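Values in this document were obtained by computation on a predicted structure and should not be read as measured data.
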Amino acid sequence: MTRKKDVGMFVVTGATGGLGRATVEALLARGVPAERIAAVVRKPERAADLAARGVQLRQADYDRPETLAPAFADAERLLFVSSTGPDEARVAQHRAVVAAATEAGVGLLAYTSVLAADTSPLVLAEVHRITERVIAESGLPSVLLRNGWYTENHAAGLPRAVESGVLVGSAGKGRAAFAARADFAEAAATVLTGEDQAGKVYELTGDTAHSLADLAAEASAAAGRPVRYEDLTPERYTEFLGSFGLPDFAVELVVDADVRISEGALETVTGDLAELLGRPTTPPSATIAGILAAAA
């Protein structure tokens, strides 16, 4: 994909979150000058390292709509990273972002949606369906990055699973086409720096689908200790996650995702992500080995 020359500012929301920060790093790696990247953050102190490298910090908050349009000023390309939290709050936040992007006259809005948002049975897909409609109705030039399932969504719990010898979930024998968060960030940077992106929809998945038992086996191989997958009923998995103090909305989304994996909702492999990357997607084994090494 060719790079467009002499565009304005690249603005990335949620830039202290995992995907947003990784996208800033990916833009820098692609040769975008730091002074042409604006990182939108709620707490600038958490992005001091980016500022030290020349990235512009813009303080804004999805819950404070008046802060958004100034943060999006002169944005030729805006990466709108979806928020987290209860659905009602997320819809209001997303409407505020789209309204502010419209007010600011953003050249291209790239939105991080979810795989097959228009038909997905996942509970979390409804917010993305609404947001995609709001974006379409705004008339903004836009591109949809429908991200599949991050390997990290399940691999983050593997250090604890290695200690106990058990990875628990409620996905049965279902499989998901996992890819690393960094892959999705690199793809976002590729789209942001590419030409003729308005109107495109990317269904982004890993190259192969894996079960949670597969992830347990990879953890076992990386750690040199036995790790098995134990499948729980949704009710038992809900109780398990609740014991860690997770908010109810987060527990609901995690359990629902596992149930949908068991039904095949995240098994699809599209090839879009590898095409944007220009290479194979990162296999779960590599992500898992990195997470376990960092935790050691």
*Does a side-chain heavy-atom distance below 4.5 Å link Lys43 with Leu57?*
no

*For the residue pair Val162 and Leu292, establish whether any side-chain heavy-atom pair is separated by less than 4.5 Å.*
yes

*In terms of side-chain heavy atoms, does Gln56 have a donor or acceptor partner in Arg58 at a distance below 3.5 Å?*
yes

*For the residue pair Arg260 and Leu266, establish whether any side-chain heavy-atom pair is separated by less than 4.5 Å.*
no

*Donor-acceptor pair, side chain of Thr151 and main chain of Ala179, under 3.5 angstrom*: yes

*asked:* Centroid separation under 6.0 Å, is that true for the rings of Tyr150 and Phe184?
replied: yes

*Is the number of heavy atoms from other residues, nucleotides or ligands within 6.0 Å of CZ (Arg279) greater than 12?*
yes

_Whether the side chain of Gln197 engages the backbone of Glu195 through a donor-acceptor N/O pair (distance < 3.5 Å, no angle test) should be reported._
yes

*Would you list the pairs meeting ring pair (Phe, Tyr, Trp, His ring centres under 6.0 Å) in which at least one residue belongs to residues 95-115, sequence neighbours left out?*
Phe80-Tyr111, His94-Tyr111, Tyr111-His128

_Over 60° means perpendicular and under 30° means parallel, so tell me whether Phe240 and Phe244 are parallel, tilted or perpendicular._
perpendicular

*Spell out, as yes or no, whether a donor-acceptor pair under 3.5 Å connects the side chain of Thr13 to the backbone of Leu79.*
yes

*Sub-3.5 Å donor-acceptor pair from the side chain of Arg129 to the main-chain atoms of Ser120, do we have one?*
yes

*Side chains of Val201 and Leu145 in contact at under 4.5 Å (non-hydrogen atoms)*: no

_Polar side-chain atom of Asp61 near backbone of Arg42 as donor-acceptor pair, under 3.5 Å_ = no

*Examine distances only and state if a side-chain atom of Arg77 and a backbone atom of Leu108 form a donor-acceptor pair shorter than 3.5 Å.*
no

_Residue pairs involving residues 156-175 (criterion side-chain hydrogen bond (donor to acceptor under 3.5 Å, both in side chains); sequence neighbours excluded)_ = Arg175-Glu267

*Who pairs with Asp118 by side-chain hydrogen bond (donor to acceptor under 3.5 Å, both in side chains), at least two apart in sequence or on another chain?*
Arg146

*Ala161: what forms a side-chain contact (heavy atoms from CB on, under 4.5 Å) with it, not counting sequence neighbours?*
Leu158, Leu167, Val227

*Do Ile130 and Arg95 come close enough that some side-chain heavy atom pair is under 4.5 Å?*
yes

*asked:* In this structure, would Leu204 and Ile261 fall into the same cluster of hydrophobic residues linked by side-chain contacts under 4.5 Å?
replied: no

*Within the distance-only criterion (no hydrogens, no angle test), does the side chain of Asp74 pair as donor or acceptor with the backbone N or O of Met9 below 3.5 angstrom?*
no

*Decide yes or no for Phe249 and Asp87: does some side-chain heavy atom of the first lie under 4.5 Å from some side-chain heavy atom of the second?*
no

*Does Ser138 use its side chain to pair, donor to acceptor, with the backbone of Val98 at less than 3.5 Å?*
no

_Just so I know, are the side chains of Leu115 and Trp149 near enough to count as touching, which here means a heavy-atom distance under 4.5 Å?_
no

Donor-acceptor pairs under 3.5 Å, side chain of residues 270-277 to any protein atom, not counting sequence neighbours: which ones?
from: Thr270; atom 1: OG1; to: Glu203; atom 2: O; distance (Å): 2.5
from: Thr270; atom 1: OG1; to: Asp272; atom 2: N; distance (Å): 3.2
from: Asp272; atom 1: OD2; to: Glu203; atom 2: N; distance (Å): 2.9

*Hey, are Glu88 and Arg90 close enough for a salt bridge, meaning a charged N less than 4.0 Å from a carboxylate O?*
no

_Less than 4.0 angstrom from a charged side-chain N to a carboxylate O is my criterion; do Glu186 and Arg181 meet it?_
no

*Test item: Arg36 and Phe10 side chains (from C-beta on) under 4.5 Å apart, heavy atoms*: yes

*Qualifying side-chain hydrogen bond (donor to acceptor under 3.5 Å, both in side chains) pairs with a residue from residues 206-224, counting only residues at least two apart or across chains*: Asp207-Thr281, Thr208-His210, Ser211-Asp214

